[in-house]
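Below you'll find the structure, written out as structure tokens, and then a few comments.
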Amino acid sequence: MSRFPVILSAPSGGGKTTIARSLLARRQDLGYSVSCTTRTPRPGEVHARDYYFMTRAEFIAEREKGAFAESAEVHGNLYGTLRSEVERVMASGRHVVMDIDVQGAVQFQRAFPQAVTIFILPPSAEVLLDRLRARKTESAAQLAARLQSALQELQQVDEYEYVIVNDELDRAVGSVASIVDAETVSRERVKNLRQQVGLLIERLEQEIENTTP
Ligand code: 5GP
């Protein structure tokens, strides 16, 4: 069965990280692409699980080597998806779930055109603002930067194939799972389709020949 990347994007505070986590806990056929970032770890974040944390110099060196399928500057920090990370997850037979920003999603699709793109919308502006303010680890300037990029990200919704309103976590996770299931059987992704149908046709033709008086 063909495996493909699933890109989840949302304005900051859209809840996509929670959706990605729940989805991964629920389904064995999905793996997570751990991104690289130059931002400092938040309390509780673990290197190589949440992100590969690196210095700006290390990040730039990787980027110059062509190691990233996409990279972008988000709120003053660099973020990127390693090609090797995407290949690693797909080689293990799983679809790759990616939590990346809008600029990265557009670039990524050029490198992996088979990717499915999903935009997560918050149920209301108030919910979005509450989620943004609830992140108490951040200064007022950081919050202002996040508001600004949330605004820009919302304007990019047309770049995505699917849109899910994150009003209730379970339902949103279920919707992403349904998209993955539907995409798995979309005609372009079905492996050896011509061959499978060809064999059926061949057998039917034989039968028609044998039964024709
Ligand atoms: P945070 O610092 O809150 O974990 O993430 C900030 C933003 O960076 C989020 O919008 C997240 O989706 C985005 N992001 C995380 N990893 C990547 C990545 O590998 N590439 C890109 N382009 N954006 C990323």
Side-chain angles (χ1 to χ4, degrees), residues 5-24 31-56 58-63 65-90 96-112 115-122 128-139 141-157 159-160 162-164 166 172 176:
V6 181
I7 300 180
L8 297 179
S9 296
S12 188
K16 64 185 178 303
T17 310
T18 316
I19 293 177
R21 289 224 174 101
S22 310
L23 192 65
L24 287 155
Y32 187 64
S33 162
V34 179
S35 293
C36 298
T37 183
T38 61
R39 95 156 151 70
T40 42
R42 297 196 184 106
E45 283 185 330
V46 175
H47 180 76
R49 185 194 67 187
D50 298 294
Y51 280 106
Y52 297 111
F53 294 100
M54 45 176 74
T55 62
R56 217 173 167 89
E58 284 167 342
F59 191 100
I60 290 167
E62 287 298 318
R63 195 171 60 190
K65 277 194 261 166
F68 293 120
E70 63 75 31
S71 67
E73 179 131 11
V74 188
H75 325 127
N77 293 303
L78 296 171
Y79 292 81
T81 305
L82 292 170
R83 287 175 197 280
S84 57
E85 188 69 11
V86 179
E87 303 292 358
R88 177 186 66 78
V89 178
M90 290 203 291
V96 195
V97 175
M98 327 208 344
D99 167 353
I100 65 177
D101 91 311
V102 173
Q103 316 162 64
V106 173
Q107 277 179 52
F108 186 87
Q109 267 213 309
R110 274 183 232 130
F112 291 88
V116 176
T117 54
I118 305 175
F119 197 86
I120 313 286
L121 276 180
L128 176 62
L129 290 169
D130 284 349
R131 288 193 192 139
L132 284 166
R133 290 189 198 113
R135 209 169 259 174
K136 295 209 173 64
T137 50
E138 293 186 351
S139 67
Q142 281 169 322
L143 176 62
R146 279 185 187 267
L147 286 171
Q148 191 59 44
S149 50
L151 185 92
Q152 282 165 3
E153 297 205 309
L154 279 170
Q155 287 160 346
Q156 300 300 317
V157 67
E159 301 290 335
Y160 289 76
Y162 295 94
V163 178
I164 293 175
N166 185 14
V176 180

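Excluded from the calculations below are hydrogen atoms, water molecules and symmetry mates; all remaining heavy atoms, backbone and side chain alike, are included. Counting convention: from 1, in listed order, for ligands and their atoms alike.
A salt bridge does not link Lys16 with Asp101: none of the charged nitrogens is closer than 4.0 Å to a carboxylate oxygen. For Arg83 and Glu70, the salt-bridge test fails: no basic side-chain N is under 4.0 Å from an acidic carboxylate O. Look at Glu73 and Arg56 and you find a salt bridge, because one of the NZ, NE, NH1 or NH2 atoms lies within 4.0 Å of a carboxylate O, short of that distance.
Across all their heavy atoms, Gly44 and Arg49 have their closest contact at O-NH2, 3.3 Å. Minimum interatomic distance between Val34 and Glu85 (heavy atoms only, all atoms of both residues): N-OE2, 3.1 Å.
Looking at ligand 1, you won't find any N or O of Ser71 less than 3.5 Å from one of its N or O atoms. Here's the thing with Glu70: one of its N/O atoms is less than 3.5 angstrom from an N/O atom of ligand 1. Taking distance alone, with nitrogen or oxygen atoms compared against 3.5 Å, Asp101 approaches ligand 1 more closely than that limit.
In this structure, Lys16 is part of the shell of residues with a heavy atom less than 4.0 angstrom from ligand 1. In this structure, Arg42 is part of the shell of residues with a heavy atom less than 4.0 angstrom from ligand 1. In this structure, Phe108 has no heavy atom closer than 4.0 Å to ligand 1. The shortest heavy-atom distance from Arg146 to ligand 1 is under 4.0 Å.
Between Met90 and Pro5, some side-chain heavy-atom pair lies under the 4.5 Å cut-off.
Compare Phe68, Tyr79, Tyr52 by their heavy atoms: the one nearest to atom 2 (O) of ligand 1 is in Tyr79.
Listed by number with element, the atoms of ligand 1 under 4.0 angstrom from any heavy atom of Gly104 are 22 (N). Remark: ligand 1 atoms within the under-4.0 Å shell around heavy atoms of Asp99 are 11 (C), 12 (O), 14 (N), 15 (C), 16 (N), 17 (C), 24 (C). Near Arg39, the atoms of ligand 1 lying under 4.0 angstrom from a non-hydrogen atom of the residue are 1 (P), 2 (O), 4 (O). Short contacts between ligand 1 and Ala72, defined as distances under 4.0 Å to a heavy atom of the residue, involve ligand atoms 22 (N).
Checking Ser9 against Tyr160 by side-chain atom types alone, a donor-acceptor pair falls below 3.5 Å.
Relative orientation of the Phe59 and Phe68 rings is parallel, given thresholds of 30° and 60° on the angle between their planes.
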